[in-house]
Every structure is written in structure tokens, then in C-alpha cells.
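Everything on this sheet refers to the single structure shown next.
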Amino acid sequence: MNISTSQELFEKAQKFIPGGVNSPVRAFRAVGGSPVFIKSAKGPYIYDEDGNEYIELINSWGPMILGHANEMIQKAVYDAVQNSFSFGAPTRREVEMAELIVSMVPSIEKVRMVNSGTEATMSAIRVARGFTGRDKIIKFEGCYHGHGDSFLIAAGSGAATFGTPDSPGVTKGVANDTLTAPYNDLASVQQLVEANRNHIAALILEPVVGNMGCVLPEEGFLEGLRKICDEEGIVLIFDEVMTGFRLSKGGAQERFGIIPDLTTLGKIIGGGMPVGAYGGKAEIMNWVSPLGPVYQAGTLSGNPIAMAAGLAMLNYLNENPEVYSQLEASGNKLTSGFAKTNAKLGLDFTVNHIGSMYTLFFTNQKVKDFPSAKSSDLVLFGKYFHAMLDQGIYMGPSQFESMFLSTALTDAHLDRIIEANEQALKVALSL
Ligand code: KE4
């Protein structure tokens with residue numbers, strides 16, 4: 001496959017941008033080789049600078065749940081830009097967006113718009129600390145909540161691929177206030193709580209993890225966390241930046257029936273534009289400035305163009321719940337196809353899957369936490385990734401990521417991906 005234009009661009013990019021990319025995972029460092037530079041996309045396809053066509057399994061790491069260049073969202077953005085781009089003043093769309101989010105997400109009584117998932121999670125823990133008067137937080141190894149200092153401790157996603165989960169630049173003071181526990185391990189949470197009684201402001205987790213690869217909560221885990229937080233006065237925060245509006249229109253909390261105190265959102269909420277949000281119980285959110293004393297602000301928060309895209313996306317998802325049964329069917333078809341291939345080739349690689357999220361792990365261990373995810377053969381994953389790319393299937397360039405399906409994928413596309421998966425496994429394993 002000719003990717004010479006991408007290679008030239010990557011050479012040039014590295015002169016001006018650290019690592020040549022504006023987000024580390026895009027650099028292909030976890031899989032080797034030179035990243036393809038994307039020029040355009042439509043529906044289930046993306047096209048690189050050399051004109052190569054790929055079927056898309058990243059969908060911008062989640063946002064493009066309806067596929068790329070959705071005409072309805074494009075029209076909403078086109079109409080909005082006729083009235084300028086940004087005011088830094090309250091607008092009608094922000095009210096409509098807040099009302100819609102409150103109606104869709106079970107835990108949210110009040111919500112604040114920000115510009116990224118990172119801003120949402122940073123703000124949520126600040127509010128939890130202000131509300132409780134406590135300093136410490138609990139997070140889980142392998143969960144990624146953006147690049148805020150408090151979270152770059154045993155982080156997942158790109159941080160995990162670099163083998164430096166505890167990033168330089170995070171102070172000892174900040175690190176001391178972040179306690180970590182293994183995912184799906186309630187007993188370890190109980191021990192942390194007992195050892196830090198009345199000092200823990202919040203417990204934050206991905207209710208379904210995407211950032212160590214896709215990992216599901218085990219039976220009773222979410223319920224157990226809810227119980228511990230209720231007993232200890234700890235604010236339970238579901239980071240649904242990835243799962244929000246994806247696993248159901250009310251996210252993982254609606255699908256699993258466990259209601260957190262605060263929820264963070266991103267990705268799908270902006271329809272592809274830079275949008276994040278945090279919200280939850282009014283008694284907690286009322287602590288946010290200017291109503292309360294916890295400060296948080298943003299020049300482009302609630303930006304009218306981003307709100308137009310986000311409103312078009314969320315209104316569509318809210319009014320067309322059949323999207324979720326389609327995505328469920330697509331995820332089931334794809335992963336059962338993978339299972340058949342595993343059996344046919346005599347392989348027992350683990351596939352974790354829920355709805356339109358999945359990860360194929362190059363391990364035969366049950367993947368339920370970060371150590372088991374890290375038992376995967378990363379060299380083999382790299383070979384598989386490139387074999388898929390060579391066949392025109394564009395996956396996330398890391399074992400520690402979930403893939404995301406869109407409604408633009410037809411059965412024919414899914415069959416193609418299943419076929420390519422078999423071929424890529426044969427290439428990677430030299431079968
Ligand atoms: P952003 O700041 O990237 O918008 O959101 C941070 C974030 C917070 N919480 C969860 C659960 C997330 O998955 C993310 C970001 N996800 C990664 C994908 N693993 C974004 C991709 C990237 O870092 O380039």
C-alpha cells in the first residue's frame with residue numbers, strides 16, 4: 001500500500017509538533033510504522049492522503065457513532081456558522097443542550113458544558129472535593145480519564161502504551177491524593193476506604209472500560225461501589241466520556257441500572273466537535289461557580305457551533321432508539337464472526353465485547369483488569385494491526401483501546417471485517 005504522502009507529512013510534522021501528532025496514540029508508536037494521515041471520510045470509510053480507502057473501526061475514538069460526514073449534523077453546523085462562531089455569552093442552544101442531557105442521562109439533574117473529556121473529569125473531581133471537603137480520590141489501574149494530573153497514575157490508553165503510566169510532571173503532592181485499586185476488585189476498594197476513612201472525596205471509574213481495551217464490570221462490582229460510596233459519603237463518578245450515548249442513550253448507567261452521583265461526558269456529545277460535560281446531583285452541582293464556590297470556566301464552553309453539532313447528534317439518538325439495537329446486532333455479528341475464526345484456526349484469543357465496543361486481546365487469559373490486559377502479546381498485536389491496515393481496515397493502533405462501531409457499517413462491511421480478521425491472524429501468526 002502506497003502511503004508515501006503520509007510519510008512525507010509525518011516527517012514534516014515531527015519538525016513542528018512533538019512526535020508529529022497532537023495526541024500520542026496517533027503516532028503508531030505502540031504498533032510501529034508511520035501513521036496514515038487522513039484527508040476525508042464518509043459513512044463507514046476514511047481516506048488517507050494517498051487515496052487509500054479504509055473501513056473505519058475507530059470513528060474518532062467514539063464520536064462518529066452515526067458514521068462520518070452525517071448530512072444532518074453537517075447541515076446543523078452549516079446553519080449555525082451563518083450566525084458567527086462564538087460569543088462568550090449565554091445562548092439558546094446551551095439551554096436546549098442542558099435540558100436534553102438532563103432528560104437522557106439518569107444521574108444528571110444539572111450539567112456544565114466544557115471542551116473535552118479531560119476538562120470534564122478534572123472539573124468533576126474538583127467539585128467532589130469542594131462538596132465533601134476531602135482531598136483524596138480513588139481511580140482504577142488501567143482506567144484513563146484524560147490527561148489531568150490526578151489521573152496520570154496507573155493510567156490506561158496512550159499512557160499505558162508508553163510504559164510510563166506515572167507521567168513525569170505530576171507532583172508527589174498530587175500523586176499522594178490519588179489512590180489506585182485493581183479494576184473489578186471490590187475488596188481492594190474496601191481496604192483503601194478503611195485506611196483513608198473520611199479522606200476520600202470521590203471514586204471515579206469507567207463503568208465499562210475502553211482504555212485498557214474493552215473490559216466489563218463483573219457481576220456486583222458497580223453495585224458494590226455504589227454501596228461503599230453511599231456508606232462512606234464518597235462521590236461516585238462514572239466517567240462516561242466513552243460509554244455515554246453509546247451503550248444506550250442513557251449510557252452505561254442506564255444499561256446497568258447503577259446511578260452515580262456525577263457523570264462525565266465527551267466524544268459523542270459533540271457530534272465530532274470539541275465538547276465535554278460534567279453533571280449530576282443538583283446538591284453537588286450547585287457548588288459550581290457562579291452559584292457555588294468551586295471555580296471552573298471556559299472561553300469556548302457551550303460554543304454555538306459545537307452545541308449545534310451536539311444537539312443534532314443527541315436529538316437523533318434520543319428520537320431513534322433503534323440505533324442501539326442496530327449497534328447491538330452489529331457488535332454481536334462481528335464478535336461471533338471472530339469467535340468462529342478463532343475456532344477455525346484453533347486459536348483462543350480473548351474478545352471482550354458489549355454493544356458497539358469490543359477489543360480482541362492477544363492473550364488466552366480472561367481480561368478483567370489491567371494485569372490480565374497486559375498479558376497480551378503486543379508484538380503480535382502490532383503485526384495484526386498492520387495486516388488489517390494493509391487490507392483496508394482501520395483499527396486503533398494500540399492493544400489497550402476499544403474499537404467503536406457506527407451505524408454506517410452494513411452487514412457487507414461486517415463480513416469484510418470478519419474476513420480481514422481471519423487473513424490478518426494468518427499473517428500475524430504466519431499460518
Ligand atoms: P479527551 O480529553 O481526550 O476529550 O477525553 C479524555 C477521556 C476521558 N475519559 C475517557 C473514558 C476517555 O476514553 C477519554 C479519552 N479517550 C481516548 C481514547 N482512549 C482519546 C484518544 C486520544 O487520547 O487521542
Side-chain angles (χ1 to χ4, degrees), residues 24 114 116-207 209 211-212 215 221 224-239 241 260-264 276 278 280 284 287-289 292-297 369-371 373-374 400:
V114 292
S116 70
T118 294
E119 256 197 284
T121 55
M122 283 167 61
S123 308
I125 59 165
R126 185 182 306 139
V127 176
R129 286 170 162 154
F131 176 71
T132 60
R134 301 175 181 177
D135 293 344
K136 293 190 184 299
I137 65 165
I138 294 177
K139 78 172 287 288
F140 292 90
E141 292 149 18
C143 283
Y144 179 71
H145 304 292
H147 63 85
D149 282 2
S150 297
F151 305 120
L152 290 180
I153 317 290
S157 184
T161 60
F162 287 76
T164 55
D166 299 343
S167 166
V170 175
T171 66
K172 286 188 180 52
V174 167
N176 286 342
D177 282 337
T178 297
L179 307 170
T180 59
Y183 198 79
N184 276 321
D185 183 343
L186 268 182
S188 65
V189 174
Q190 194 58 52
Q191 284 156 18
L192 284 175
V193 166
E194 282 158 18
N196 297 275
R197 180 140 285 134
N198 298 326
H199 291 285
I200 300 169
L203 181 150
I204 185 169
L205 77 156
E206 296 178 62
V209 187
N211 289 294
M212 47 178 124
V215 171
F221 181 58
L225 294 177
R226 179 68 276 174
K227 184 167 179 293
I228 291 170
C229 289
D230 286 339
E231 289 165 353
E232 301 288 337
I234 295 172
V235 175
L236 178 60
I237 303 174
F238 275 10
D239 179 356
V241 167
D261 302 308
L262 293 179
T263 298
T264 55
Y278 66 101
I284 301 175
W287 277 69
V288 179
S289 176
V294 177
Y295 196 71
Q296 180 270 312
D369 56 21
F370 205 22
K374 287 197 283 188
F400 304 117

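Everything numeric here is computed off the predicted structure, so don't read it as measured data. Just the heavy atoms: all of them, side chains too, but no hydrogens, waters or symmetry mates, feed the values below.
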Problem - CA sep, side-chain torsions, deciding dist, call: F140, V215, side chain to side chain contact (heavy atoms under 4.5 Å, CB included) - result: CA-CA 12 Å; F140 292 90; V215 171; over 6 Å; no
Practice task
Might you work through the salt bridge (Lys or Arg N to Asp or Glu O under 4.0 Å) test for R226 and D261, ending with a clear yes or no?
Solution key: CA-CA 9 Å; R226 179 68 276 174; D261 302 308; 3.0 Å; yes
Exercise for the section: Step by step, work out the side chain to side chain contact (heavy atoms under 4.5 Å, CB included) result for E231 and V193. Expected result: CA-CA 10 Å; E231 289 165 353; V193 166; over 6 Å; no
Practice task
Give the C-alpha distance, both sets of side-chain angles, the deciding distance and a yes or no for side chain to side chain contact (heavy atoms under 4.5 Å, CB included) between K374 and F400.
Solution key: CA-CA 8 Å; K374 287 197 283 188; F400 304 117; 3.8 Å; yes
Problem - Check against side chain to side chain contact (heavy atoms under 4.5 Å, CB included), L203 and V189 - result: CA-CA 9 Å; L203 181 150; V189 174; 3.7 Å; yes
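When side chains are defined from C-beta on, L186 counts as touching F221, because their heavy atoms get closer than 4.5 Å. The shortest side-chain heavy-atom distance between D149 and T171 does not fall under the 4.5 Å cut-off. A heavy-atom distance below 4.5 Å is not found between the side chains of Y278 and L262. Contact annotation: the side chain of L152 never approaches that of V174 to less than 4.5 Å [non-hydrogen atoms, C-beta and beyond].
A side chain to side chain contact (heavy atoms under 4.5 Å, CB included) with I200 holds for exactly one of I138, I137, D135, T132; it is I138. Looking at D239, T121, T264 one by one, the single match for side chain to side chain donor-acceptor pair (under 3.5 Å) with H145 turns out to be D239.
A donor-acceptor pair under 3.5 Å links the side-chain atoms of K136 to the main chain of N176, judged by distance alone. The backbone N or O of I153 lies less than 3.5 Å from a partner atom in the side chain of K139, making a donor-acceptor pair. Between the Y183 side chain and the E206 main chain, a donor and an acceptor come within less than 3.5 Å of each other. At least one donor-acceptor pair under 3.5 Å links the side chain of T118 to the backbone N or O of H147. Of the possible polar contacts, none joining the E232 side chain to the R197 backbone as a donor-acceptor pair under 3.5 Å is found.
When all heavy atoms of A181 and L192 are compared, the closest pair comes out as CB-CD1, 3.9 Å. The heavy-atom pair separating A297 from E119 by the smallest distance is O-OE2, 3.9 Å. Shown here for E141 and F370, the closest heavy-atom pair between the two residues is O-CB, 3.7 Å. Scanning both residues, A373 and M212, for their nearest heavy atoms gives CB-O, 3.5 Å.
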